[in-house]
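Throughout, a chain's letter reflects where its sequence line sits, starting with A, and its residues are numbered from 1. Side-chain atoms are counted along with the backbone in the values below, which use heavy atoms only and exclude waters and symmetry mates.
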Amino acid sequence: MQLKIHNTFSGKKELFVPRDPNRITLYACGPTVYNYIHIGNGRPAVVFDVLFRLLKAGFPNVAYARNITDIDDKINAAVPDSNDKNAAIRELSDYYSEAYTKDVSALGTLTPTFVPRATDHIEEIIALIKTLIERGHAYAAEGHVLFDVPSYADYGQLSNRSLQDMLDGARVEVAPYKKDPKDFVLWKPSDDKTPGWDSPWGKGRPGWHIECSAMIHKHLGPSIDIHGGGSDLIFPHHENELAQGRCAFSDEPFANYWMHNGMLTLGNEKMSKSVGNIETIRDLLKDFRGETLRYALLTGKYRSPLSWSRELVAQAKSSLDRLYQSIMQVGDTTGSATSLAYSEVNIKDLPPAVVKALSDDLNTPLALAAMHEIAGDINKSDDPKRKAELKTQLLASGWLLGLLTYTPATWFQGEDKREIDETDIQALIAERNQARSDKNWQKADEVRDHLLAMNIELEDTASGTRWKTI
RNA sequence: GGCUGGGUGGCAGAGAGGAUAUGCAGCGGACUGCAACUCCGUGUACACCGGUUCGAAUCCGGUCUCAGCCUCCA
């Protein structure tokens, strides 16, 4: 597979050369769990899920880790003071951790190979901090341990900024125990109301950044192929992860390729909790299927900002309808019914246009266009054998993008929005068809309008009358 | 101020020196009892100003403008 990846580190599109073709390693930053995630948080989950699927189709073994950060001061702050605040914090992070998994699963993401949680890796984190101190890249001060930024000459390489740039207009926190204003916290002291673990530096908890370095090391190794996340993580999160990884583990690149997805905007501004312009996946799922949301997320290239709107989702729904319509046209009797049957598909059995698009730095809009070409060919062909072949291609492509997971019947006749049950629909259709054979058009139209008022649309085909929920 | 990446038809969004992107919506036609689905047809689209070139939306320079990061953020 000739996969090209835009590498944030070099700022260029590069040919992907695995460290070991027999074990591809991919890490994507997951959420800090203290509330429901919004659709912008879902983007990296979906984008790196597509990458995971593509890699799986091209390589025998792909190890994909997507972490959950369940120790953070924002989580602590989200819980009111109480007798057992620690237990309450744990409960909260457990709850939102499950909510996260549920939400991204609704977006059709596969379960990653590893879903490590920060609090399950305190030992590794402490060991990592020890190593950094031993190697002269970190120091303890007043119960804290700090990373010594000036000790790492390459600091700033990933985010392409010089130390001087960072100081200009800097809003870095200047604490008395810091040797340098840019030094960042690896470990900080905890009081009784804050979760903490015993450590050589007293009871405390890890800072942000260090948990990712530790989990990557444990599950994937000292160096990995691809590290991904949102573009807002480039600095400082990934820069710091990189510094920790390089200083602790090896002189090899911490990650060979860094990939960053662009932000979703809502109303000309980045969707973010602090601005308040968010749409949670929970809320969106009340009106749309997860697959529709996923399609909407994939209509833009992952690196570009994507302006989110209900209209975008509505367009995604119509576009998916077209794909499902063409599959339905072939009929359920021929071949597999959904893309789920193609989970073991190999790159060589997929439509070249789709593979080519995705291999070019995950060009999902182009891949979707290729799928629509296939759908159009299905509709235009009158050779049943050819249609069946094309349907196979379409569904296999669907697997790669995580779409077309429904049977057409379920897609169009799903129960989520229906206000009438199926037997009644069938009875009304029979009534209307009787009226039609009597050439009682007025009656026939009345029945059709009646159904339409209940969001049921009819299609008279050569093989009978079909209905769908709109 | 520094660093990124953008500005494409009503909307979304690819492409990237000479090509029909694709989808949604609209319009005309075929099919249909009428529709729906589907098919066929349909858009002087590439922010602006210069330059390079036989030829530029695509390259170069400048202008305007938008978003992101520089602080927690996906």
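For Glu373(A) and rG23(B), the CD to P distance is 7 Å, given to the nearest whole Å. Distance, Arg161(A) CZ to rG5(B) C1': 14 Å, rounded to whole Å. Regarding Asp103(A), its CG atom lies at a distance of 14 Å from the C1' atom of rA74(B), rounded to whole Å. Between Lys273(A) atom NZ and rA74(B) atom P there is a gap of 5 Å when expressed in whole angstrom units. Rounded to a whole Å, the CG atom of Leu306(A) is 19 Å from the P atom of rG23(B). Following rounding to the nearest Å, His260(A) (NE2) and rC3(B) (C1') show an atom-to-atom distance of 14 Å. Residue Gln325(A) contributes atom CD, which lies 15 Å from atom C1' of rG23(B) at whole-angstrom precision. Gln315(A) has its CD atom 14 Å from the P atom of rG10(B), to the nearest Å.
Taking side-chain N and O atoms only, Lys270(A) has no distance below 4.0 Å to OP1 or OP2 of rA74(B). For the pair Lys317(A) and rG23(B), the criterion of a side-chain N or O lying under 4.0 Å from OP1 or OP2 is not met. For Asn363(A), no side-chain nitrogen or oxygen approaches OP1 or OP2 of rA14(B) to under 4.0 Å. Contact annotation: Asn261(A) side-chain N/O to rA74(B) OP1/OP2 distance is not under 4.0 Å. Between Arg448(A) and rA35(B), a side-chain N or O to OP1/OP2 separation shorter than 4.0 Å is absent. Within the structure, every side-chain polar atom (N or O) of Asn440(A) is placed at least 4.0 Å from both OP1 and OP2 of rG33(B). The side chain of Arg303(A) places no N or O atom within less than 4.0 Å of a non-bridging phosphate oxygen (OP1 or OP2) of rG13(B). Distances shown here put a side-chain N or O of Lys380(A) below 4.0 Å from the OP1 or OP2 atom of rC40(B).
Partner assigned to rC54(B) is rG18(B), using Watson-Crick or G-U wobble distances below 3.5 angstrom. Of all nucleotides present, only rG26(B) satisfies the Watson-Crick or G-U wobble test against rU42(B), with each distance under 3.5 Å. Within the shown strands, rU4(B) is the pairing partner of rA67(B) under the Watson-Crick or G-U definition, both distances less than 3.5 Å.
At a threshold of 4.0 angstrom between heavy atoms, the contacts of Arg432(A) include nucleobase atoms, whether or not backbone atoms are also involved. Residue-level contact check: Gly40(A) touches the bases, meaning some heavy atom is under 4.0 Å from a base atom. In this structure, Gly42(A) reaches neither bases nor backbone, as no heavy-atom distance under 4.0 Å exists between it and the strands shown. Looking at heavy-atom distances under 4.0 Å, Lys439(A) makes no contact with the nucleic acid at all. Among the protein residues, Asn160(A) comes within range of the sugar-phosphate backbone only, with heavy atoms under 4.0 Å from sugar or phosphate atoms but none that close to a base.
Comparing the same atom, P, in rU63(B) and in rG1(B) gives a spacing of 12 Å after rounding to whole Å. Look at the P atom in both rA57(B) and rA12(B): the space between them is 22 Å, to the nearest Å. rU44(B) and rU65(B) have their C1' atoms separated by 25 Å, given to the nearest Å. Only the P atoms considered, rU20(B) is 11 Å distant from rU42(B), to the nearest whole Å.
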Could you give me the CA-CA distance, side-chain angles and deciding distance for Lys387(A) and Asp382(A), then say whether salt bridge (charged side-chain N to carboxylate O under 4.0 Å, His left out) is met? CA-CA 7 Å; Lys387(A) 277 176 183 283; Asp382(A) 47 14; over 6 Å; no
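Side-chain atoms of Lys74(A) and Asn76(A), non-hydrogen and from C-beta on, never get closer than 4.5 Å to each other. Within the 4.5 Å cutoff, the side chain of Lys270(A) has heavy atoms near those of the Asp232(A) side chain.
Both Leu368(A) and Met271(A) sit near RNA chain B, but only Leu368(A) has its closest nucleotide nearer the 5' end. A residue-by-residue look at His38(A) and Glu311(A) shows that Glu311(A) has its nearest nucleotide of RNA chain B further toward the 5' end.
Remark: the backbone N or O of Thr461(A) is not paired with any side-chain donor or acceptor of Thr465(A) at under 3.5 angstrom. Using a distance-only test at 3.5 Å, with no hydrogens or angles considered, no donor-acceptor pair links the side chain of Glu14(A) to the main chain of His6(A).
If you check rA12(B), rG68(B), rG33(B) against the side chain of Thr299(A), the one that comes closest is rA12(B). Taking only side-chain atoms of Leu233(A), from C-beta outward, the nucleotide of rA21(B), rA14(B), rA74(B) with the closest atom is rA74(B). The side chain of Asp460(A) lies closest to rA35(B) when the candidates are rC24(B), rA74(B), rA35(B). Out of rG33(B), rA21(B), rC24(B), the shortest distance to the side chain of Ser318(A) is found at rC24(B). Checking rC37(B), rC24(B), rG33(B) against every side-chain atom of Trp441(A), the shortest atom distance belongs to rG33(B). Set against rA21(B), rA74(B), rC37(B), the side chain of Met263(A) has rA74(B) as its closest nucleotide.
The pair Arg294(A)-Asp49(A) meets the salt-bridge criterion, since a charged nitrogen lies less than 4.0 angstrom from a carboxylate oxygen. With salt bridges taken as basic N to acidic carboxylate O contacts below 4.0 Å, one links Asp361(A) and Arg303(A). Here Lys443(A) does not pair with Asp438(A) in a salt bridge; the nearest charged N to carboxylate O distance is not below 4.0 Å.
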